[in-house]
There are 2 protein chains.
Amino acid sequence: MQQDSFVAALAEWRAAVGCAFVETGQGALRAAGSATFQTHQSISAILRPANTTEVQECVRIANRFRIPLYPVSSGKNWGYGSRVPPADGCVLLELKRLNRIVDFSEELAFITVEPGVTQRQVYEYLKERNSRLWMDATGSSPDCSLIGNAIERGFGHTPYGDHFSHACGLQVVLPNGEIIETGSAAFPGSSAGPVSRWGTGPSLDGLFSQSSLGVVTRMTVWLMPAPQAFTAFFFRSEAADGLPALIDSLRELRLQDALRSSIHIGNDYRVLAGIQQYPWDETGGATPLGLEKIGGFRKRLSFGYWNASGGLYGTSAQISEAKRLLRKALAQRRGRLKFLNLQTLQLAKRYAGLFRMLTGWDMTRTVELVEPVLGLMRGVPTNHALSSAYWRKRCAVPAEPDPDRDRCGLLWHAPVSRAEGREVAALTSIATDVLLRWGFEPMISLTMLTPRSVYCVLSISYDRDVAGEDEKAMACYDELATRCAENGFYPYRLGIQGMGHLPGADAYRQLIRTLKSTLDPNDVIAPGRYDERPADDLRDPHRWMAKQRAVTTNE
Amino acid sequence: MQQDSFVAALAEWRAAVGCAFVETGQGALRAAGSATFQTHQSISAILRPANTTEVQECVRIANRFRIPLYPVSSGKNWGYGSRVPPADGCVLLELKRLNRIVDFSEELAFITVEPGVTQRQVYEYLKERNSRLWMDATGSSPDCSLIGNAIERGFGHTPYGDHFSHACGLQVVLPNGEIIETGSAAFPGSSAGPVSRWGTGPSLDGLFSQSSLGVVTRMTVWLMPAPQAFTAFFFRSEAADGLPALIDSLRELRLQDALRSSIHIGNDYRVLAGIQQYPWDETGGATPLGLEKIGGFRKRLSFGYWNASGGLYGTSAQISEAKRLLRKALAQRRGRLKFLNLQTLQLAKRYAGLFRMLTGWDMTRTVELVEPVLGLMRGVPTNHALSSAYWRKRCAVPAEPDPDRDRCGLLWHAPVSRAEGREVAALTSIATDVLLRWGFEPMISLTMLTPRSVYCVLSISYDRDVAGEDEKAMACYDELATRCAENGFYPYRLGIQGMGHLPGADAYRQLIRTLKSTLDPNDVIAPGRYDERPADDLRDPHRWMAKQRAVTTNE
């Protein structure tokens with residue numbers, strides 16, 4: 001990029017969004033360029049448009065000067081790269097100021113939002129209106145963008161947990177600066193705009209998720225009416241080899257619709273990291289926490305090898321029936337099944353000691369862990385999970401956690417398995433093996449997001465302030481991604497560290513490339529995002545396009 | 001198209017698929033060019049490839065000679081154009097011989113099929129294996145293709161009624177002859193291939209539904225485990241203005257997940273056409289059957305102004321609870337709510353007279369109507385609905401109905417409304433007004449396919465052997481489509497008669513055109529299908545592409 005043409009572009013962007021909203025201060029750019037793992041990409045400016053028209057203008061200017069933009073909503077993509085673009089030299093297009101709630105229906109149970117609208121904002125909005133509706137919250141932070149998470153196909157904890165499956169009517173600024181709306185919302189004054197996904201003709205929603213083909217500036221999210229009653233279940237598996245049977249039992253309950261929501265299963269390491277930081281004292285400062293040591297924590301803190309939880313929703317009668325079916329399905333499994341509703345939780349908090357006497361279950365520490373989980377099952381956002389990013393830090397978790405700033409080390413890899421006990425166990429065993437061998441605790445979270453699929457989130461959690469750990473973690477990530485793929489487990493989502501791991505047959509890759517070079521000939525939107533390119537090309541995004549054009553011309 | 005180049009193309013196709021599978025006989029071509037309304041497109045040949053490789057070869061040959069192909073699976077797209085392409089001069093690419101069931105899992109509840117696999121075939125396949133799994137069947141014919149229906153985003157009657165939402169892993173032959181697979185199936189040996197829709201990166205499934213961007217040659221369809229118990233409900237609204245409140249009540253039950261499946265609501269005309277042909281005797285041969293006459297049939301045959309039905313699925317306890325919630329929700333509605341399970345149906349058939357004495361409900365004729373409906377609610381395909389295409393015919397419905405052959409007149413228009421009583425009533429009132437004014441009975445079927453949307457199927461049913469009716473029906477269709485769109489009700493699906501009614505903003509249309517001209521530069525796959533073009537261009541498909549290229553070059 002020529003320096004003088006960049007200066008000219010900045011002048012135009014300033015005219016478009018206002019001087020105050022074009023950031024070029026080195027401190028801010030460095031902060032925006034920091035993730036929870038080592039990155040080398042520099043960010044050359046941050047644009048903060050206020051509305052869709054300004055987004056269009058920013059994109060048009062980017063085309064004129066051929067400078068790539070990297071759109072982020074709230075930018076809280078921890079473990080996957082935070083705000084850092086895959087390619088070097090991008091200008092950040094930060095969409096936080098597009099924070100309007102554009103439409104809402106209590107009867108039809110939907111809300112239409114811009115990308116700057118956060119989970120907290122929607123939660124408060126519903127509360128203010130005494131709405132009967134729940135959002136589905138993702139567990140990372142109340143300040144996450146709804147659109148950012150849904151577009152990345154993130155997930156939550158209620159029956160609406162598959163976020164992208166419960167959204168429609170995208171408004172998209174295309175790479176050429178034009179605006180479209182998708183599905184039924186494509187048509188003027190459409191009655192079904194906020195309620196019907198498919199529309200007429202080819203359905204384009206999917207094109208703009210996990211993609212570099214446009215900037216999503218609006219989306220309708222469906223909300224769930226609060227059920228008449230709610231109960232959570234918790235099952236801890238007390239058999240080291242209990243996972244396959246547990247998966248198979250839960251799949252059956254999901255298929256039969258006895259369980260209606262995502263089911264989460266954390267292994268012992270995952271649960272421990274939710275309760276406390278790394279036990280430096282008990283280990284005398286040594287890492288990792290080996291398999292021989294985790295057993296003590298399981299006993300002391302009352303969790304199992306595998307710890308499943310999920311919400312039951314409906315009328316009292318429906319919940320009673322779901323409890324009966326769960327009890328029956330898990331009767332043969334070695335472990336403990338507990339139900340917990342809000343009333344019991346309050347009681348447990350007040351009378352933990354007495355509760356232990358009566359039930360034999362020590363609730364003291366568990367309450368601390370389950371309270372935010374029960375919240376998430378009811379659409380209450382929490383930042384509780386964020387503290388687990390500080391697992392290996394020597395300092396305490398600060399009041400306002402910021403893993404990017406605090407040099408928390410966190411890399412996520414998220415392969416998907418069919419919901420078959422044998423397969424899921426194969427996956428977790430690969431993960432445990434690789435992570436421990438590289439000196440990291442195998443923290444494994446499994447989400448049965450649909451009746452037939454299990455989304456596995458593997459954390460590589462470390463301290464970026466320890467010399468050599470950045471490199472070791474990335475090497476571990478690479479092996480993990482490779483070993484998983486070799487065994488048929490591909491990620492549902494990629495961080496910027498993994499875009500090079502995007503697999504697929506040649507014709508498929510070529511199709512993605514054709515779509516990209518057709519819709520974004522100047523390569524101005526998020527180059528390298530979910531469109532695999534050699535690492536060299538990401539350091540110089542224009543190189544890739546030039547090569548692409550050469551290929552196309554030769555054919 | 002040059003005649004000699006067409007002859008050369010035929011020779012290549014014959015070499016590719018075998019002489020026996022290239023049809024050029026005038027009789028067969030004329031039959032394939034017949035729909036349930038007037039069409040002028042001629043078909044120049046029919047290709048019948050046996051497998052995906054042959055499909056690829058057919059597409060490559062089409063590219064070399066620039067001859068457009070029109071892919072059909074079973075071709076039973078009655079009311080929307082049957083096998084007739086939107087553009088003149090296409091070669092039919094018939095996929096019936098691709099009829100393999102490629103994969104099946106009893107545990108994970110899916111089946112992977114080719115486009116020639118019919119509903120009957122899957123139903124028999126499951127029965128032979130004593131499978132606990134149900135398919136979701138669309139009501140038109142057991143000989144419909146699963147893929148054909150799902151790709152058109154058709155629907156059925158169980159909780160899996162939204163077919164395209166319960167399918168994944170498409171194998172697609174692109175217009176350039178290359179093959180891709182979508183979603184998780186894009187990756188070699190993917191564990192999640194048949195169970196996880198989204199995959200990694202942009203999701204492409206939607207691109208290939210209702211589109212001319214590829215030929216779908218394989219798809220995985222999710223199946224539903226048979227519930228422990230099943231009961232159907234029927235509600236007949238006995239108030240002429242009962243629809244809005246009924247819609248609002250049912251929407252709430254759907255949102256609360258008390259009702260888990262599609263709910264169908266037919267108006268009085270729709271129900272009558274399901275029971276018998278046009279009452280020529282009672283009307284002295286006059287048409288249409290006016291609002292003043294339909295009342296007598298309602299009373300005599302025991303149906304209401306609006307007749308809702310749906311299945312209840314689950315354990316006995318879950319069904320009891322659903323019944324309680326339904327009773328409560330409909331208590332204030334003027335009408336009659338009845339439940340019917342298979343045992344009662346058998347009893348009713350045997351003891352219809354006694355049953356009437358006991359319950360006051362005359363089951364004799366109703367049984368005839370409800371038996372296939374109860375079947376559909378349990379995934380049993382039926383061709384019962386097909387006979388209603390003979391509504392206005394003077395002859396009886398033949399043993400092997402074929403509406404194309406028998407010159408049944410049938411045009412469908414299928415606008416979508418948000419599931420709000422007021423809106424749905426506005427839509428049905430427009431439809432009733434337009435249809436009656438043109439001299440057709442307002443047959444209206446409403447499907448609450450998702451909790452928030454109602455798919456309305458409007459039939460224009462007539463006799464093609466009556467002079468002038470073809471033209472009148474088409475004029476009625478045009479007014480209906482226009483009036484609906486003016487009021488915000490856009491179709492979920494278009495027939496070849498309606499491709500010119502495809503609405504949408506300019507940028508959206510341009511995007512669809514760009515995708516088409518990029519992926520299919522020679523315009524060989526289904527030109528004019530869901531890509532709006534002026535009528536003249538459909539008579540000469542190459543004209544449109546030439547114009548498109550001119551537009552692109554000028555920019």
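Letters go in sequence order (proteins before strands), and every chain restarts at 1. Keep in mind it's a predicted model, so treat the numbers as computed, not measured.
- The closest side-chain heavy-atom distance from A:W222 to A:C168 is below 4.5 Å.
- When the side-chain hydrogen bond (donor to acceptor under 3.5 Å, both in side chains) test is applied to B:Q56, no partner is found at least two apart in sequence or on another chain.
- Contacts between A:R254 and chain B at a heavy-atom distance below 4.5 Å are absent for every atom of the residue.
- The CH2 atom of B:W198 sits 13.0 Å away from atom OG1 of B:T200, with the distance rounded to the nearest 0.5 Å.
- Within residues 415-423 of chain B, the residues that have a heavy atom under 4.5 Å from a heavy atom of chain A are B:V416, B:S417, B:R418, B:A419, B:E420, B:E423, listed by number.
- For B:H163, the ring-ring contact (aromatic ring centres under 6.0 Å, His included) criterion is met by no residue, not counting sequence neighbours.
- Ranked by heavy-atom pairs shorter than 4.5 Å toward chain B, the options A:P225, A:A226, A:S105 are led by A:P225.
- Aromatic ring orientation, B:Y455 versus B:F155: perpendicular (interplanar angle above 60°, classes split at 30° and 60°).
- A:A426 does not touch chain B: none of its heavy atoms, backbone or side chain, sits under 4.5 Å away.
- Using cut-offs of 30° and 60° on the angle between ring planes, the pair A:F187 and B:Y508 is perpendicular.
- For B:L325, the part sitting under 4.5 Å from any heavy atom of chain A is the side chain, from C-beta outward, and nothing else.
- Relative orientation of the A:Y313 and A:F230 rings is tilted, given thresholds of 30° and 60° on the angle between their planes.
- Most heavy-atom pairs under 4.5 Å with chain A, from the set B:P451, B:S165, B:S184, B:G193: that is B:S165.
- Residue contact with chain B, scored on non-hydrogen atoms closer than 4.5 Å, is absent for A:L427.
- At a 4.5 Å heavy-atom cutoff, B:S320 makes no contact with chain A through either its backbone or its side chain.
- With a 4.5 angstrom heavy-atom cutoff, B:I512 touches chain A only via side-chain atoms.
- The backbone N or O of A:A485 sits nowhere less than 3.5 Å from a side-chain atom of A:N487 that would complete a donor-acceptor pair.
- Counting heavy-atom pairs closer than 4.5 Å to chain B, the top-ranked of the candidates A:F489, A:Y492, A:F164 is A:F164.
- Most heavy-atom pairs under 4.5 Å with chain A: of the set B:L204, B:T450, B:D205, this distinction falls to B:L204.
- Between A:I247 and A:M448 there is a side-chain heavy-atom pair separated by less than 4.5 Å.
- Put simply, the side chain of B:Y530 gets close to the backbone of B:L494: a donor and an acceptor are under 3.5 Å apart.
- For B:D506, no part lies under 4.5 angstrom from a heavy atom of chain A.
- Of the listed residues B:A317, B:S211, B:S190, B:G189, the one with more heavy-atom pairs under 4.5 angstrom with chain A than any other is B:S190.
- Most heavy-atom pairs under 4.5 Å with chain A: of the set B:G206, B:G488, B:S191, B:S203, this distinction falls to B:S191.
- For chain B, the option among A:P194, A:A109, A:S196 with the highest count of heavy-atom pairs below 4.5 Å is A:A109.
- Neither the backbone nor the side chain of B:A322 comes within contact range of chain A; no heavy atom of the residue lies under 4.5 Å from a heavy atom of that chain.
- B:E181 touches chain A through its backbone: at least one of N, CA, C or O sits under 4.5 Å from a heavy atom, while the side chain does not.
- For B:N63, the side-chain hydrogen bond (donor to acceptor under 3.5 Å, both in side chains) partners at least two apart in sequence or on another chain are B:N522.
- The side-chain heavy atoms of A:K516 and A:I525, taken from C-beta on, include a pair separated by under 4.5 Å.
- Residues A:F208 and B:L511 share a closest heavy-atom pair of CZ-CD2, 4.3 Å.
- Contact count versus chain A (heavy atoms, under 4.5 Å) is highest, among B:R260, B:R197, B:Q228, for B:R260.
- Only the side chain of B:E321 comes within less than 4.5 Å of a heavy atom in chain A; its backbone stays farther off.
- Looking only at atom types and distance, the side chain of B:T112 has a donor-acceptor partner in the side chain of B:T220 under 3.5 Å away.
- Top candidate by heavy-atom pairs under 4.5 Å with chain A, chosen from B:E178, B:R251, B:Q318, B:E486, is B:R251.
- Put simply, the side chain of B:S517 gets close to the backbone of B:R513: a donor and an acceptor are under 3.5 Å apart.
- Proximity to chain B (any heavy atom under 4.5 Å) is shown, for A:S212, by neither the backbone nor the side chain.
- B:E252 has a carboxylate O that lies under 4.0 Å from a charged side-chain N of A:R132, or vice versa, which qualifies the two as a salt bridge.
- Ranked by heavy-atom pairs under 4.5 Å with chain B, the list A:L255, A:V454, A:L515 is led by A:L255.
- Contacts between A:L223 and chain B at a heavy-atom distance below 4.5 Å involve the backbone alone (N, CA, C, O).
- When each of A:R153, A:R493, A:E152 is checked for a side-chain hydrogen bond (donor to acceptor under 3.5 Å, both in side chains) with A:S209, only A:R153 meets the rule.
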